[in-house]
Amino acid sequence: MSVRVRFAPSPTGYLHVGAARTALFNYLFANHFGGTFILRSDDTDTERSTVEFQTDILEQMRWLNLDWDEGIEVGGPHGTYRQSERYDHYRDVALQLIEEGHAYYSLVTADQLNVFKQRARNTGSSPAYDGSLEPEPSQISRSMLDGGQATIRFRIPRPGATMFTDLVRGEMVFDHAQVDDFVIMRSDFTPTYHLASTVDDVDYGITHVIRGEDLLSSTPKHILLTKAMHAEPATYAHLSLLMGPDGKKLSKRHGDTALSAYREAGFLPEAMNNYLALLGWSPGDDETLVSMSEMIERFDGTAISRNPAVFDQEKLLWMNGVYIREMSDTEFVELARPLLEADLGRSLTGDEVSSLAVLSPLVKERTKLLSEIVDQARFVFVAPTTYDESSWSKVMESPEAPIALDGAATALKALDDWTTEAIDAALRGVLEVNDLSARKGLQPIRVAISGSTVSPPLFESIQILGKDETLARIATARALVT
RNA sequence: GGCCCCGUCGUCUAGCGGCCUAGGACGCUGCCCUCUCAAGGCAGUAGCGCCGGUUCAAAUCCGGUCGGGGCUACCA
């Protein structure tokens, strides 16, 4: 039987990094076994679900290149893959479960349940609702059921226990005394997550359910439901949760959790995938940098870690830098150009695009975030209007500054061969004549042309800038030096 | 409170009874390279939560303990 897995987020929030990792693991697992990766929308929470969130989820999935073979928007043999459009079907299943004695109309109130749970807490017994508060069937009237009061609950067989082998955690046993007679249909006759999700897993032929550990204790419910539907339960794999730097479950207060925020900050999807994969999975052989195809080849679901992982932005940042450095200059220009144009508020001319291409390998080397490119490269396209304050006071107020600037102006003006090598030689000549160290003599020039003591390599920068522009900037800065 | 999961450097992890004086990566520190910043090279820093047991031998197996996390909704 071929592998069929699904990622089934509920559109009640943006796609966050933890969910993205779950999606990734499902994707890798499916592709490793040549199976099918399905994207479904578990949107039974009509109160909190929004199209905005749904759109974000699809957008981020596509950005990460986690292509799904079946599901939302791409279609498949099971309709729209949105639970909100299958309510009739879930009702039929629920009614069938009642008919077969696996479920019942429940009239217990929230208040009664609270008392029940509180008493259980006080006596130290199980707080799982066992159906003991329901009225005698003979006392249930038609009007009670039609009055919108009744929910439908699944009847947990008691005594009993559910056992299953979790792919990452091994043998699991849950005593039914600890499992609630849970609601499968709300009083407004809409299905809950447990029902809809399980019905879909059965209908769609899901073979492996790979999801977060927060659903581990709900698994007995899903297995019992599946069996009540006369189906074979899937194999389950529960992934540990992602934590914030303080060891608490990753949430907004730890900073960005929305994947879109990482995209906007300038992270590459390749880096994101690589980093996320390492959170809870080991490719073996002490390797850290793993391409998507290598991950697919190695990910068979066996090397998944059981312990929770802290989402470490520092390492992600490092990895992003690695991926940026590894990309071709052409790719880099393609990514950098729109960023620069947005910053400048205009299109780049053909000559400017050429300059960017020459500059690319230099900027690429010192970029960890795509968003940093603009600050590094802007000076090539527009002369500094202000100078970085600390840069200026550090080098332009030194006694060497005017000497260096004047020397450079003279030497460069006389230079006809505008190559990096010639510029290098000319400027070093200036250093020698004036007995200046490279540090003392070159930094003023750097500040003059780039506005800062930090910039791409000087000689290359000057070469790209051109003679006229370079001399103009040196003159402008020189006029401000006393 | 009940049930469940987890516990190796600060962080992600390798480790499946002797190969471990515990390996790799990020970070951090120092040195080298160097026109700045990066990148790169080299070196260093730091860990098996604790207690007991099994064994000739335990990070690895068992029990307990402590700590962290999850679930305990007509949310998913």
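Reminder, nothing fancy here: chain letters follow the sequence lines and each chain counts from 1.
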Does [N] have a Watson-Crick or wobble mate here (both distances under 3.5 Å), and if so which one?
| N | result |
| --- | --- |
| B/rG49 | B/rU65 |
| B/rA39 | none |
| B/rG1 | B/rU72 |
| B/rA14 | none |
| B/rA59 | none |

- Judged by nearest nucleotide, the residue sitting upstream toward the 5' end of RNA chain B, A/L215 or A/P127, is A/P127
- Note on the structure: When A/P9 and A/T453 are each assigned the nearest nucleotide of RNA chain B, the 5'-most assignment goes to A/T453
Quick check: any donor-acceptor pair below 3.5 Å linking the side-chain of [X] to the base of [N]?
| X | N | value |
| --- | --- | --- |
| A/D286 | B/rG23 | yes |
| A/R306 | B/rC6 | no |
| A/S187 | B/rC74 | yes |

Check this one for me: any side-chain N or O of [X] less than 4.0 Å away from OP1 or OP2 of [N]?
| X | N | value |
| --- | --- | --- |
| A/R325 | B/rG40 | yes |
| A/N307 | B/rG69 | no |
| A/R211 | B/rA76 | no |
| A/K117 | B/rA73 | yes |
| A/R439 | B/rU36 | yes |
| A/K368 | B/rA39 | yes |
| A/R186 | B/rA76 | yes |
| A/S450 | B/rU36 | no |

Applying a 4.0 Å non-hydrogen cut-off, can you work out what [X] is touching in the nucleic acid: base, sugar-phosphate, or nothing?
| X | answer |
| --- | --- |
| A/Q313 | nothing |
| A/M172 | sugar-phosphate |
| A/L458 | base |
| A/E213 | base |
| A/G284 | nothing |
| A/P456 | base |
| A/S455 | base |
| A/M185 | nothing |
| A/Q443 | sugar-phosphate |
| A/R119 | nothing |
| A/E326 | nothing |
| A/H238 | nothing |
| A/F459 | base |

Distance, rounded to the nearest Å, where [X] contributes [atom1] and [N] contributes [atom2]:
| X | N | atom1 | atom2 | value |
| --- | --- | --- | --- | --- |
| A/D388 | B/rC37 | CG | P | 14 Å |
| A/W318 | B/rU13 | CH2 | P | 15 Å |
| A/E460 | B/rA38 | CD | C1' | 14 Å |
| A/N114 | B/rG1 | CG | C1' | 15 Å |

Atom [atom1], compared across [N] and [M]: separation rounded to whole Å:
| N | M | atom1 | result |
| --- | --- | --- | --- |
| B/rA73 | B/rG49 | C1' | 35 Å |
| B/rG27 | B/rC12 | C1' | 11 Å |
| B/rG53 | B/rU60 | C1' | 15 Å |
| B/rU45 | B/rU65 | C1' | 31 Å |
| B/rC6 | B/rG63 | P | 13 Å |
| B/rC20 | B/rA59 | P | 13 Å |
| B/rA46 | B/rU34 | C1' | 30 Å |
| B/rC51 | B/rA58 | P | 14 Å |

With respect to the side chain of [X], which nucleotide from [options] is positioned closest?
| X | options | answer |
| --- | --- | --- |
| A/D312 | B/rU11, B/rC74, B/rC35 | B/rU11 |
| A/T192 | B/rC74, B/rC35, B/rG24 | B/rC74 |
| A/E314 | B/rC26, B/rC35, B/rU36 | B/rC26 |
| A/V454 | B/rA76, B/rG24, B/rU36 | B/rU36 |
| A/V183 | B/rC35, B/rG69, B/rC74 | B/rC74 |
| A/F174 | B/rC26, B/rC3, B/rU36 | B/rC3 |
| A/Q178 | B/rA76, B/rG24, B/rG2 | B/rG2 |

- Query: Judged by modelled atom types alone, do A/Q54 and A/S49 share a side-chain donor-acceptor pair under 3.5 Å?
  - Reply: no
- Message: Could you check whether A/D56 and A/Q60, counting side-chain N and O atoms only, form a donor-acceptor pair closer than 3.5 Å?
- Response: yes
- Query: How about A/Y236 and A/M172: do any of their side-chain heavy atoms sit closer than 4.5 Å?
  - Reply: no
- Item | A/R169 vs A/S240 side-chain heavy atoms within contact, under 4.5 Å | yes
- Query: Checking salt bridge (Lys or Arg N to Asp or Glu O under 4.0 Å) for the pair A/R298/A/E287: CA distance, chi angles, key distance, verdict?
  - Reply: CA-CA 12 Å; A/R298 301 187 197 187; A/E287 287 187 48; 3.3 Å; yes
- Between A/F7 and A/L15, does a side-chain contact (heavy atoms from CB on, under 4.5 Å) hold up when you go through it step by step? CA-CA 12 Å; A/F7 174 56; A/L15 186 73; 3.9 Å; yes
- Stepwise, does the side-chain contact (heavy atoms from CB on, under 4.5 Å) test hold for A/T165 with A/E171? CA-CA 4 Å; A/T165 305; A/E171 299 301 315; 2.9 Å; yes
- Query: What closest approach, in Å, do A/Q83 and A/T44 show between heavy atoms, and which atom pair accounts for it?
  - Reply: OE1-CG2, 3.3 Å
- Verdict with supporting geometry, A/D166 and A/R306, salt bridge (Lys or Arg N to Asp or Glu O under 4.0 Å): CA-CA 11 Å; A/D166 190 280; A/R306 282 177 297 276; over 6 Å; no
- Query: After noting the C-alpha distance and the side-chain angles of A/R446 and A/S450, does the key distance pass the side-chain hydrogen bond (donor to acceptor under 3.5 Å, both in side chains) rule?
  - Reply: CA-CA 6 Å; A/R446 186 188 307 281; A/S450 76; over 6 Å; no
